[in-house]
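These notes concern the structure reproduced below.
Each chain gets a letter, A, B and so on, in the order its sequence line appears, and its residues count up from 1. Keep in mind the model is a prediction, meaning the values are calculated, not measured.
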There are 2 protein chains.
Amino acid sequence: MSTRSKDSDRGGPSGGRRRVTGHDVAAHAGVSQSTVSLVLSGNPKARIADETRERVIESARELGYRPNLLARGLVQRRSFALGIVVPELDNPFFTEVVSGAERVAGEAGYGVLLADSGQIPAAEHVMRLRERQVDGVILAGVPVETMPDEALADANVVVVDEPTGRYPGVASDATGAGRKAAEHLLSLGHRSLAFMGPADPSYTFRMRERGFVQALREAGCAITSPLLRRAPASVAGGDRAMAALLALEVPPTGLFCANDLMALGALKACAAAGVRVPSEFSIVGCDDIEMARYVTPELTTVMVPARGLGARAARLLLLTLDGRDTGALSGKPLEVEFVSRQTTAPPPRREP
Amino acid sequence: MSTRSKDSDRGGPSGGRRRVTGHDVAAHAGVSQSTVSLVLSGNPKARIADETRERVIESARELGYRPNLLARGLVQRRSFALGIVVPELDNPFFTEVVSGAERVAGEAGYGVLLADSGQIPAAEHVMRLRERQVDGVILAGVPVETMPDEALADANVVVVDEPTGRYPGVASDATGAGRKAAEHLLSLGHRSLAFMGPADPSYTFRMRERGFVQALREAGCAITSPLLRRAPASVAGGDRAMAALLALEVPPTGLFCANDLMALGALKACAAAGVRVPSEFSIVGCDDIEMARYVTPELTTVMVPARGLGARAARLLLLTLDGRDTGALSGKPLEVEFVSRQTTAPPPRREP
DNA sequence: AGCGGGTGCTCATACGTATCACCAAATACG
DNA sequence: CGTATTTGGTGATACGTATGAGCACCCGCT
């Protein structure tokens with residue numbers, strides 16, 4: 001009708017210099033911007049004539065309209081975005097957590113802001129995410145206990161695998177993981193077992209250790225101090241710690257590692273030292289990262305549902321944001337599962 | 001002074017129910033919101049008395065003020081956030097790309113929105129990111145050629161390792177990678193060599209193959225069709241393809257894989273078949289993912305600077321956004337580097 | 001005819017920030 | 001001393017959307 005409306009047509013979806021706004025759609029459809037908003041995102045209970053609704057939708061499609069989520073977020077005080085903080089993307093475990101969370105969030109229409117904590121302290125990352133008005137934050141592998149309270153106040157935090165009690169969270173059955181590893185090794189006949197984990201362990205690592213040690217003790221098979229090795233929870237750390245174990249006067253016959261990366265390092269150290277796995281030495285990891293299946297021999301480990309943890313954390317967060325009940329989700333820890341592969345066997349028979 | 005200003009004090013940084021805004025800071029400092037904005041984020045050339053400036057900064061600190069980046073983004077038409085789309089976070093290569101990009105972006109004050117493309121087509125992800133008003137998008141491992149043009153129009157796209165010419169991008173020297181693998185194997189004395197790569201290869205995979213095949217041809221050592229295996233670029237795919245190679249009447253003596261994951265699969269298949277690496281068979285991977293160092297024997301490969309690619313993509317994008325010259329960065333491909341480890345050796349001597 | 005009530009839409013405003021135009025006071029200058 | 005000029009700040013507005021209040025209109029009822 002008017003030249004104006006003809007103007008806004010020019011170029012179609014991809015031609016315009018300026019981004020298409022709700023006002024443009026309104027002009028094109030001959031309605032007000034309010035109506036456009038009501039049709040495209042408003043409450044479905046809004047009273048709009050079918051004919052109008054279709055005209056607006058058609059105009060929006062034709063102009064290639066995409067709502068500006070910054071503007072929406074500003075007025076609704078919700079950005080429909082989550083933040084997720086991990087200590088390092090290098091560790092496949094966290095990658096899987098992120099992946100799981102991203103999928104759930106994406107399906108719910110939420111965006112995901114990633115913060116790889118690196119040098120910057122996690123608290124600072126949380127602040128930055130909040131400046132971006134994320135509706136909530138998932139903290140994975142972050143030492144929550146050492147974070148100042150005010151950094152997390154009013155922040156809708158969900159913590160992965162670090163049940164502090166101060167914040168809602170999802171966790172796996174860490175003591176169960178240690179226990180299952182112990183039971184398996186004991187049942188194979190091992191009596192001299194070692195553990196390796198990081199020196200400044202997170203809650204989960206502590207629980208894995210505790211489960212393992214307790215199960216050993218209950219079996220009347222206490223672990224002695226030289227068999228408890230501290231090293232970074234990485235492949236390099238596992239390598240070093242394993243070398244130390246092999247250098248002992250009386251090395252153990254089997255080992256449980258705080259995570260799979262360490263176990264891979266231990267495996268490597270054995271290969272370098274000419275110790276055959278599993279015939280001469282047994283190794284159990286924890287996490288079941290993808291690589292565990294791909295090394296030779298394949299790593300026996302305890303599966304921790306990383307992707308599931310991430311997904312569940314995201315779901316928990318989304319429910320919290322909707323003000324729904326969250327008791328069911330944050331309640332019980334996720335089950336872990338022992339996975340028998342090729343790095344465990346009965347201990348070698350004593351030399352005569 | 002006024003009761004109002006006393007009110008906004010209540011509770012300090014962490015107590016307030018409502019988030020503290022620039023207006024609150026203004027009231028507390030006895031200035032206008034404009035002044036607050038000028039002091040805290042405005043152009044440094046703004047003329048503000050030192051005394052006022054300090055008072056505002058002090059008030060902001062005291063109230064725990066954090067600017068709302070949604071509001072800032074709305075008026076500035078810049079969100080100071082980047083999007084990054086990857087096909088799968090499972091592949092460590094992309095994880096490293098993301099990690100590199102995230103670091104550079106973070107240091108520049110940019111946020112990173114992650115989109116793991118999964119089931120949803122990449123074009124749709126780009127749209128969603130643009131709704132969130134990201135200032136630019138990094139596409140890594142995404143089949144850009146098959147994406148509709150209008151999805152990327154005006155989107156400030158930077159493409160990783162897929163130099164289409166239509167969009168700016170950063171790439172590694174893929175043909176060089178293939179060539180270096182070939183030269184190494186040839187120099188060891190191999191004459192019967194195989195290649196494995198995905199059936200529907202991306203540009204980079206095609207170039208790796210081309211470099212390898214051409215170098216062989218130039219050495220008068222053409223590759224025959226049964227030695228060119230197609231399989232998914234994953235560990236499982238490499239495993240299957242290697243099994244097929246070993247089943248040939250006359251198996252090759254060495255192999256170059258399109259990426260490290262396939263090489264790990266090949267390594268696994270050799271172990272399963274009792275073929276000793278490298279004494280009986282040589283394997284060269286490509287990418288140099290972290291795992292390459294951690295398997296036994298350690299994987300010989302061609303290092304592709306994944307983190308560097310991500311970092312450079314981010315830098316390129318940031319420069320583009322600042323309207324700076326980008327020629328230098330998008331120009332030459334990043335160097336790749338041959339990494340000799342333990343999976344290559346001279347071919348076994350012919351059986352007499 | 002008068003009126004209550006539903007329908008369908010618009011007006012105005014708010015969200016929190018940046019920024020331009022403008023202004024008062026202080027200072028410089030001939 | 002009168003007028004430029006600089007200094008230091010304020011007021012108003014815009015960004016693009018959501019949303020409550022309100023308005024015009026039509027329908028059915030008494």
Side-chain angles (χ1 to χ4, degrees), chain A residues 8 16 18-57 59-60 63-81 109 130-135, chain B residues 8 16 18-57 59-60 63-81 109 130-135:
Chain A
S8 33
R18 200 171 58 86
R19 297 213 37 162
V20 175
T21 77
H23 289 95
D24 301 330
V25 177
H28 187 271
V31 297
S32 77
Q33 177 265 328
S34 314
T35 305
V36 172
S37 174
L38 287 176
V39 168
L40 295 181
S41 65
N43 221 302
K45 73 166 167 46
R47 306 160 307 183
I48 302 286
D50 286 356
E51 195 266 340
T52 305
R53 177 185 305 276
E54 285 179 26
R55 206 168 65 243
V56 169
I57 290 177
S59 293
L63 297 180
Y65 171 68
R66 298 252 134 183
N68 182 330
L69 296 192
L70 295 193
R72 173 179 299 177
L74 188 57
V75 41
Q76 298 204 131
R77 282 132 174 261
R78 288 185 68 173
S79 63
F80 292 94
R130 300 204 63 201
E131 287 186 354
R132 297 205 129 79
Q133 310 301 115
V134 294
D135 297 331
Chain B
S8 35
R18 200 173 57 85
R19 296 213 37 164
V20 29
T21 77
H23 289 94
D24 300 331
V25 177
H28 186 271
V31 297
S32 74
Q33 177 266 330
S34 316
T35 305
V36 172
S37 174
L38 287 176
V39 168
L40 295 181
S41 66
N43 222 301
K45 74 167 166 45
R47 304 160 310 182
I48 302 286
D50 287 355
E51 194 266 339
T52 305
R53 176 185 306 276
E54 286 180 25
R55 206 168 65 243
V56 168
I57 291 178
S59 293
L63 298 181
Y65 171 66
R66 297 253 136 184
N68 181 330
L69 296 192
L70 295 193
R72 174 179 298 177
L74 187 58
V75 40
Q76 297 203 132
R77 282 131 174 269
R78 287 185 70 171
S79 63
F80 292 95
R130 299 204 63 202
E131 286 186 354
R132 297 205 129 80
Q133 309 302 113
V134 294
D135 297 331

remark   = Rounded to whole Å, CG of Asp135(B) lies from P of dC15(D) at a distance of 18 Å
message = How many whole angstroms separate atom CG of Leu70(B) from atom C1' of dC15(D)?
response = 12 Å
query = Is any side-chain nitrogen or oxygen of Ser41(A) closer than 4.0 Å to OP1 or OP2 of dA18(D)?
reply = yes
task = Would you kindly give the CG-to-C1' distance between Leu40(A) and dC9(C), to the nearest whole Å?
result = 15 Å
request  = Check whether any side-chain nitrogen or oxygen of Ser32(B) sits under 4.0 Å from OP1 or OP2 of dT10(D), and answer yes or no.
outcome  = yes
ask   = Hey, does the side-chain of Ser34(A) have a donor or acceptor N/O within less than 3.5 Å of a partner on the base of dT17(D)?
value = no
ask   = Between Leu69(B) (CG) and dA18(C) (C1'), how many Å, whole number?
value = 13 Å
query = Within the structure, does a side-chain N or O atom of Arg77(A) lie under 4.0 Å from either OP1 or OP2 of dC15(C)?
reply = no
key: Selection from dT17(D), dC15(D), dA12(D) that lies nearest to any side-chain heavy atom of Val75(B)   = dC15(D)
key: Non-hydrogen atoms of Phe80(B) and Asp135(B) that approach each other most closely   = N-OD2, 2.7 Å
query = For Ser37(A) and dA18(D), is the shortest distance between a side-chain N/O and OP1 or OP2 below 4.0 Å?
reply = yes
inquiry  = Pair Arg19(B), Arg77(A) - check side-chain contact (heavy atoms from CB on, under 4.5 Å), show working.
reply    = CA-CA 10 Å; Arg19(B) 296 213 37 164; Arg77(A) 282 132 174 261; over 6 Å; no
query = If you take all heavy atoms of Gln33(B) and Ala26(B), which pair is closest and at what distance?
reply = N-CB, 3.6 Å
key: Candidates dG8(C), dT17(D), dG16(C) - which lies nearest the side chain of Ala49(A)   = dG8(C)
query = Just how far, in rounded Å, is C1' of dA21(C) from CG of Leu38(B)?
reply = 13 Å
remark   = Judged by nearest nucleotide, the residue sitting upstream toward the 5' end of DNA chain D, Thr52(B) or Val36(A), is Thr52(B)
query = At under 4.0 Å between heavy atoms, what does Arg47(B) touch on the DNA or RNA strands: base, sugar-phosphate, or nothing?
reply = base
Between C1' of dT17(D) and CZ of Arg19(A), the distance in whole Å = 13 Å
CZ on Arg53(B) to OG1 on Thr35(B), rounded to 0.5 Å = 11.0 Å
query = Which part of the nucleic acid does Thr35(A) contact within heavy-atom distance under 4.0 Å: base, sugar-phosphate only, or nothing?
reply = base
message = Distance check, rounded to the nearest 0.5 Å: Arg130(A) atom CZ versus Asn68(B) atom CG?
response = 11.0 Å
request  = On DNA chain C, check which nucleotide each of Leu74(A) and Gly30(A) is closest to and give me the residue with the more 5' one.
outcome  = Gly30(A)
request  = Can you tell me the distance, in whole Å, between the CZ atom of Arg78(B) and the C1' atom of dA14(D)?
outcome  = 19 Å
ask   = Could you give the CD-to-C1' distance, from Gln76(A) to dG20(D), as a whole number of Å?
value = 14 Å
